[in-house]
Every structure is written in C-alpha cells, then in structure tokens.
Amino acid sequence: MIDILYFAWVRERIGLPKERIETSAVTVADLVEELRSREERYALAFADTSALRVALDQELSEFNAPLAGVREVAFFPPMTGG
Amino acid sequence: MIDILYFAWVRERIGLPKERIETSAVTVADLVEELRSREERYALAFADTSALRVALDQELSEFNAPLAGVREVAFFPPMTGG
Amino acid sequence: MRIRVQEEAFDFGAEAQEFAARQSQSGAVVTFTGIVRDTDAGLQAMEIEHYPGMTQAQLTSFAKEAMQRFSLEDALVIHRHGRLVPGDMIMMVATAARHRKDAFEAAEYLMDYLKSRAPFWKREITTDGSADWVASKQEDETALSRW
Amino acid sequence: MRIRVQEEAFDFGAEAQEFAARQSQSGAVVTFTGIVRDTDAGLQAMEIEHYPGMTQAQLTSFAKEAMQRFSLEDALVIHRHGRLVPGDMIMMVATAARHRKDAFEAAEYLMDYLKSRAPFWKREITTDGSADWVASKQEDETALSRW
C-alpha cells in the first residue's frame, strides 16, 4: 500500500487530495502510467509530466526513481513559494 | 578666502578641524604643496596623498581639480561608513 | 536557526528587531519580506496551499545549507499559508553574518530556494471571482543555477 | 525616500515595519542593518565622525540613483554618528521594489556606496584604551566596480 498525495491543480483535476492504493509499479513513471490508464481525470492531470514535480517520502525526486520502500508519493506543479 | 576642513586622522595630525586661509593655489595639489611647506604637522598629514580623499564644496573630487570658485575644501582618509 | 510555517500573520518589525538583537557576533543582518501586491486584474485574495509534512523539513534543510555555506551566525524563515489579502506579508527571511556579503547572499539563496523548491502553491483570486494558480517563472528556475 | 543622519539610536524593528507597511506597489522589501560587533582586541566603543554638510546630500544622491537604477518604489537610509557600543545598530537601509532581485541589488548598491563613498570615519576604542581609525578595505573599494 502506498499513499498518493496531490497538490494545487493536480489535486483539483483529480478531485481528491490523497488516496491509498495497491500498486506493483517499479518506478514513479510506471505509477503514472497506471494512474493515467484508470480514468480520464488522471489522464488529464498527468498529460504532461514535464509540468509536474514528484516527491517521495517528502523529498523531491525524479520520475525515473524506483518506488521500492516508498510509503508516500506526492505529485504537484512546480512550486511557487516565497 | 577658502575654508579648509580636516576629518579623522588628518584632523588629528594637523590638530584642528577647520581653518580659513588666503591662497593663490590653482589646483588642489597646489594647495596641498602650500600646506605641506607650512609646518611639520602639515607635511606629516599630507605625506602620502594617495591615502587621502578630497571634497570641493562638499562633493568628492580629485587632487588635480581646479580651485577656482571653490569655497570649501575638505581633506580626509578613505571613508568607512556603513 | 528558526523555521516557522504558519497560517496566522506575523509581526515583521518585531521579528526583525528580535532577530537582530539576539546576534552577538554578527555585524550584518539582512531581511527579506514578501508582500501580497495587487495585480492589474484586481486581486481579492491570494491562497497559499502547502505540503504540511514536507514544508518544515524542506525549509530547515535550505536554512542549514545556507548557515554552512555563508558562515551565518543565525537564520530565520517564516512562511505563511492559507488566505492572504493585498498588503499582507507572505513570508520573511533574516540572515546574520560577520560580513555583509555573506548576509546578502544567504538571504538571496534562501529566497531562490523558497521560490522554486519549497512546497507552496499560490492561487490568485481576482475581484471578478476567477481563481488562477500562479505559474512558476523560468527566471526563478534560472536563478537557482547561480548556486 | 527618506534619509536620516543622526546621533541618537533608532528603532530598527519599528522602522522596518513602518517602511514595509507604507508600500503599496512592492512585493519585495529588503533591509540591511549594521551592528557594532566586538573585536578580538575587546571593543569598548566605536566613534563615528562625519562631515555634516556633505553627509545628507551624499546619501540622498546614492538613494536617488538607486531608486532610478533599480525601479524602486521607496528607499530608506538611516546612519548614526557619535559614540556607539558593541550591540548598537550603526545604520540601516531598506528598499522596496516589485521584484526581489531589484530590492536586493538596490540594498547592496546602497551598502557598497555607504561603505566607501559616504563621509563617515570610524574609530575603535579598545578596552585597553587605544583608539584606532578603522582602515578602509580594498574589498569595499573593489565591490564598487560591480555597479
């Protein structure tokens, strides 16, 4: 089981802030593929991953990173702090 | 008549903050020569003009600047504000 | 070093004063404050979303890196989330160092990282009711390459 | 734009707060504060001499140049003279601009000019009673070449 969090417009497009899923995805990119194939709203949110950022267990990471041992994945647009 | 002001260690070496003198010096450098020849304490204060700065009528200037029309000359070491 | 992520307003003047007053070795203190400014479209509010679990850790890691890299005596980061209106202060950083160059660079470093690497997302609510996520700027991404 | 040269202490926090609060167009406010710090030799006091007729005019001219060059909405410079002790604040600058880069650069610009082109001279009185004029630093002179 893995927690997936969505922020900002990713959260809005998908329609929820968080979900827990069972997955056998090996990398973040695999997980994105899996989500995309689920429903239109996921396909829409993940249409262009170059516009997205990912954090694994609350650390910024990359889409080709492995998911082994990861408990929390977060997807969000580029950050706009400050 | 021209007012001459001294600041920081220039003031200390010469022993006074301000004096009014009559001079026919054409440039700042001429005035420095004139002062140097007056007394030992002036010679000491003006021994190395590369260590000094000059302001004419309260604007930073150069030692080769003309004195025509100038009413106030100030000599001081490099500034240490901030 | 203090890092605060909070919804409530903070008192910039009091924070800046207290920060400067508690330094014993530093000759230089720099602060940066970000203020919600009105836009041409007319801004009603700015809503700031964040990633609670990650924000504090991320800001702490930026501040630790800045402390070491710029030989700081101290650093402070305060960042708000939630709903803000024009004129509100969004965040502040403060840095203290022996030399001004370090204090300035550390503050700029923190700001560059806060802008593009801290998990905050801003949404602008305009007076006509539309709500738009603020797009990240290429120049903010480029600014990071300086460090 | 406000420029103050004064012997009495100033309230950094209150000045910073007031400065930030009176900006209507600026999203970015930067402050710099210089604090008398103790030295290895043990500092009893720092005495700051200045050139009264010239100081205000010179600081005003730096601030005007900064306003224009960095598109500032506002700038503030406060500089003390007279006798200060370790922990005292010597001076502050504050800058307000739409963008943080301008606010930072303007504050650094003002500091670089204040250091080497404003008619102040510092003398350090050590605890053993000696009094030495602070020498200007080559790095401060070099910093000016950036602008």
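Only this structure's heavy atoms are used, side chains among them; waters, hydrogens and symmetry mates stay out. Keep in mind it's a predicted model, so treat the numbers as computed, not measured.
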Among C/A143, C/A96, C/A103, C/A107, which residue has the highest count of heavy-atom pairs closer than 4.5 Å to chain D? C/A107
Given 3.5 Å as the limit, does a donor-acceptor pair link the side chain of C/D74 with the main chain of C/M1, or not? yes
Note: vs chain C, highest number of non-hydrogen pairs under 4.5 angstrom among D/M111, D/R98, D/M89 is D/R98
Between the main-chain N or O of D/T126 and the side-chain N or O of D/S130, is there a donor-acceptor pair closer than 3.5 Å? no
Any salt bridge between D/D140 and C/R100, counting N to O under 4.0 Å? yes
Ring centroids only, cut at 6.0 angstrom: are C/H81 and C/F120 within range, meaning strictly under it? no
Counting only N and O atoms by type, is there a donor-acceptor contact under 3.5 Å from the side chain of D/D88 to the main-chain atoms of D/V85? yes
Cut-off 4.5 Å, heavy atoms of chain D, and the answer for C/Q25 is backbone
Among D/F104, D/F12, D/F32, single out the residue with the greatest number of heavy-atom pairs under 4.5 Å to chain C. D/F104
Check each atom of D/M92 against the heavy atoms of chain C and say whether the ones under 4.5 Å are side chain, backbone, both or neither. neither
Between chain C and each of D/V29, D/V30, D/T95, count heavy-atom pairs under 4.5 Å; write down the option with the most. D/V29
If you count heavy-atom pairs within less than 4.5 Å of chain C, which of D/D38, D/D11, D/V93, D/D112 leads? D/D112
Can you confirm whether or not the ring centre of C/F62 sits under 6.0 Å from the ring centre of C/W147? no
Can a salt bridge be assigned to the pair D/D132 and D/R123 using a cut-off of 4.0 Å between side-chain N and carboxylate O? no
Side chain, backbone, both or neither of D/K115 within contact of chain C (heavy atoms, under 4.5 Å): side chain
With a 4.5 angstrom heavy-atom cut-off, could you sort out which part of C/S26 is near chain D: side chain, backbone, both or neither? backbone
I'd like to know which of D/G27, D/A16, D/A21 tops the heavy-atom pair count under 4.5 Å against chain C. D/G27
With a 4.5 Å limit on heavy-atom distance, are the side chains of D/E15 and D/I78 in contact? yes
Contact leader toward chain C among D/A28, D/A14, D/S24, where contacts are heavy-atom pairs under 4.5 Å: D/A28
